[in-house]
Amino acid sequence: MNYNDFFVSALDKLRDERRYRVFADLERIAGRFPHAYWHSPEGKRDVVIWCSNDYLGMAQHPQVIGAMVDVAARMGTGAGGTRNIAGTNHPLVELERELADLHGKPGALLFTSGYVSNQTGIPTIAKLLPNCLILSDALNHNSMIEGVRQAGCDKVVWRHNDMAHLEELLKAADPERPKLIIFESLYSMDGDIAPIHAICDLADKYGAMTYCDEVHAVGMYGPRGGGVTERDGAAHRVDVIEGTLAKAFGCLGGYITGSTELIDAVRSYAPGFIFTTALPPAICAAATAAIRHLKTSQWERDRHQDRAARVKAVLNAVGLPVMPSTTHIVPLMIGNAEKCKMASDMLLEDHGIYIQPINYPTVPRGEERLRITPSPYHDDVLIDALAEALVDVWERLQLPKNRIALAAE
Ligand code: PLP
C-alpha cells in the first residue's frame with residue numbers, strides 16, 4: 001500500500017475545490033508596522049499587511065519587546081516543563097493576576113493558546129456539571145466546537161445571535177439540568193457583536209452558566225481593554241470570560257477568568273492544562289506589559305476605531321461590497337473561492353498588499369471574502385492605496401460591486 005497516495009488525494013481534493021492554502025513568506029519589520037518584507041519567488045519585496053490580528057501593533061511596541069528581551073536575558077527561554085512538573089514561573093503568576101484584574105474576576109488560568117483554552121476549558125467545565133446541556137451559538141469558533149465535542153454531553157445550537165431561538169431552546173430543557181451557554185462577544189469573520197446583556201438575562205431566567213470568548217475584543221474594547229463585556233458593563237454577569245494574548249496583546253497564549261473555585265477546578269482537571277509545558281516567562285512578561293499599557297492608554301483604541309471607520313467609508317465610496325460591521329473588522333464579500341484566491345494573489349504581486357483569502361471552512365462555501373483589519377498605524381495614504389488596488393482587482397476579475405454603486409453607474 002502506498003500510504004502517501006492518501007495524502008496526495010486529500011490535497012488534490014483541496015486544490016479541486018480551490019481552497020488549498022498557501023501562506024506568504026513574510027518578515028515583519030519591528031517599528032515599521034504594518035510594513036513587512038515578502039520573500040517572494042523573485043526575491044525580497046516591501047509589502048503592506050492589511051490582515052493581521054496583531055490588531056493594535058502591540059507585537060512591536062517598545063515596552064512589550066523590552067519586557068520580553070529583559071526577562072529572556074534574566075530567566076532564559078523555556079518554562080522548563082508543565083506546571084505540575086516544574087512549578088510556575090513568576091512572570092506567569094503576575095500575568096494571571098493582571099488578567100483576573102482586567103476582567104474583574106477572582107481568578108485566571110493561562111493556557112498555551114486561545115484555541116487550547118476553549119478546547120480544554122469548555123469540556124472540563126461541562127464534564128464537572130452533571131448531565132450538562134451546552135447551548136452554543138451557530139457561528140462559534142472551531143476551538144469552541146472542538147471543546148463541545150470533547151465534552152461529550154448533549155448540545156444544542158442556537159441561530160446566530162437569535163435570542164428568541166436561544167430562549168426556545170432554554171425553555172425546552174429540563175429546568176433541573178445544568179446548562180452552559182457558550183458564545184463569542186465579537187465574531188471575527190463578520191465583525192458583529194453578541195447581545196451580551198440579553199444572553200445573561202436569559203441565563204438568569206433559566207438558571208444557566210455563561211462562557212464568553214472575547215478573543216477578538218480584549219485590548220480593543222472597554223475603557224481598560226477588558227473587551228465588549230467591559231464596554232457593555234456586563235463582565236460581572238458572565239461566569240467565564242475567555243481571551244487570547246496573541247491578537248491585540250501581541251504575544252501568545254490564552255486564558256479563562258472566573259470564580260476562584262471554577263479556576264481551581266479547571267486547573268486540577270483540564271488535560272490541555274495539566275499535560276503541556278507552561279508559557280515561557282519572557283512571553284508572560286511581554287503580555288503583562290501589553291495588558292498594563294492598554295489598561296491606561298486609550299490612544300490605540302480610539303485610533304483603531306477611527307482607522308476602521310475610514311477604511312469602511314473609503315471602500316464604500318468607491319463601490320466595493322463592504323459587509324456591514326459595527327466593529328474594527330472590514331469584510332469584503334467575494335463569494336467565490338477561486339476568485340478570492342486570485343484577488344489576494346493580485347493584491348500581493350501587483351500592488352504589494354497582503355490580504356489572505358478567507359475560504360471554507362473558516363466561512364461557509366459561497367461566502368469567501370477578504371477580511372481587512374485596519375490598525376492604528378494604517379494612515380490615509382495607505383488607505384487610499386488600498387482602495388485603488390482593490391478597485392483595479394475588482395475590475396480585472398469582474399467582481400460584483402455594492403448595490404448603491406451599481407445603481408449610480
Ligand atoms: N477563539 C476565537 C473566536 C478565535 O477566532 C481564535 C483564533 O483566531 C481563537 C479562539 C484561538 O485563539 P489563539 O489564536 O490564541 O489560539
Side-chain angles (χ1 to χ4, degrees), residues 21 23 49 51-56 58-59 64 92 95-96 99 102-103 108-125 134 136-150 157 160-161 181-194 196 199 210-221 225 227-229 238 240-257 270 272-273 276-280 283-284 286-287 290-291 325 327-331 355-364 369 371-373:
R21 292 171 188 224
F23 306 133
I49 298 185
C51 57
S52 175
N53 280 350
D54 179 9
Y55 290 122
L56 302 177
M58 290 303 287
V64 179
L92 193 152
L95 174 55
E96 285 183 339
L99 289 165
L102 178 68
H103 295 295
L109 189 68
L110 266 179
F111 301 87
T112 44
S113 72
Y115 193 98
V116 172
S117 59
N118 282 331
Q119 189 194 27
T120 200
I122 291 169
T124 302
I125 294 166
I134 296 182
S136 177
D137 184 284
L139 289 194
N140 276 341
H141 186 255
N142 175 271
S143 55
M144 303 169 84
I145 296 169
E146 283 301 321
V148 173
R149 238 179 240 156
Q150 283 180 28
V157 176
H160 175 56
N161 275 352
I181 301 177
I182 60 171
F183 62 103
E184 299 178 28
S185 65
L186 193 161
Y187 291 85
S188 74
M189 290 300 144
D190 294 341
D192 60 336
I193 281 189
I196 299 175
I199 292 171
T210 46
Y211 179 110
C212 178
D213 174 312
E214 284 262 39
V215 159
H216 293 277
V218 284
M220 292 169 281
Y221 295 84
V228 181
T229 49
V238 177
V240 184
I241 297 178
E242 182 271 346
T244 185
L245 306 172
K247 301 189 195 295
F249 297 133
C251 295
L252 180 74
Y255 62 90
I256 58 169
T257 62
F273 170 82
T276 190
T277 298
L279 283 177
I283 289 183
C284 296
I291 296 164
S325 136
T327 62
H328 61 280
I329 312 275
V330 186
I355 308 177
Q356 180 78 6
I358 307 285
N359 285 344
Y360 178 83
T362 310
V363 292
R369 65 195 69 173
R371 175 182 177 272
I372 299 170
T373 53

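For reference, positions follow the sequence shown, starting with 1. Order of appearance sets the numbers: ligands from 1, and atoms from 1 within every ligand. Here the structure is a predicted model, which is why all the values come from computation and not from measurement.
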Q.
Checking Asn140 against Tyr187 for the side chain to side chain contact (heavy atoms under 4.5 Å, CB included) test, could you report, in this order, the C-alpha distance in whole Å, the side-chain angles of both residues, the deciding distance, and whether it holds?
A. CA-CA 8 Å; Asn140 276 341; Tyr187 291 85; 3.6 Å; yes
Q: Between His141, Met144, Gln119, Glu242, flag the one that comes closest to atom 2 (C) of ligand 1 by a heavy atom.
A: His141
For [atom], what is the nearest protein heavy atom, given as residue, atom name and distance?
{"atom": "atom 13 (P) of ligand 1", "value": "Gly114 N, 3.5 Å"}
{"atom": "atom 5 (O) of ligand 1", "value": "His216 NE2, 2.6 Å"}
{"atom": "atom 1 (N) of ligand 1", "value": "Asp213 OD2, 2.7 Å"}

Q: Determine whether His216 and Asn53 make a side-chain contact, defined as any pair of heavy atoms from C-beta on separated by less than 4.5 Å.
A: yes
Q.
Quick check: do Gln356 and Phe23 have side-chain heavy atoms less than 4.5 Å from each other?
A. yes
Q. Do ligand 1 and Glu184 have nitrogen or oxygen atoms that lie under 3.5 Å from each other?
A. no
(Q) Any nitrogen or oxygen of Ala246, side chain or backbone, less than 3.5 Å from one on ligand 1? (A) no
Q: With heavy atoms under 4.0 Å as the rule, classify the contact between Leu252 and ligand 1 as side chain, backbone, both or neither.
A: neither
Q) Would a distance-only check, ignoring hydrogens and angles, find a side-chain to backbone donor-acceptor pair under 3.5 Å from Thr373 to Ser52? A) yes
Q.
Distance check, rounded to the nearest 0.5 Å: Phe111 atom CZ versus Ile256 atom CD1?
A. 4.5 Å
Numbered atoms and elements of ligand 1 in range of [X], under 4.0 angstrom, heavy atoms:
{"X": "Ser143", "value": "1 (N), 10 (C)"}
{"X": "Tyr115", "value": "11 (C), 12 (O), 13 (P), 16 (O)"}
{"X": "Thr244", "value": "13 (P), 15 (O)"}
{"X": "Asn118", "value": "1 (N), 10 (C)"}

(Q) Set out, in order, the CA-CA distance, both residues' side-chain angles and the distance that settles side chain to side chain contact (heavy atoms under 4.5 Å, CB included) for Tyr255 and Leu95, then state yes or no. (A) CA-CA 10 Å; Tyr255 62 90; Leu95 174 55; over 6 Å; no
Q: Could you tell me if any non-hydrogen atom of Lys247 lies under 4.0 Å from any atom of ligand 1?
A: yes
Q: Apply the side chain to side chain contact (heavy atoms under 4.5 Å, CB included) test between Arg371 and each candidate in Thr362, Ile355, Ile329, Asp190; give the one that qualifies.
A: Ile329
Q: Anything under 30° is parallel, anything over 60° is perpendicular, the rest tilted; go ahead and classify His328 against Tyr221.
A: tilted
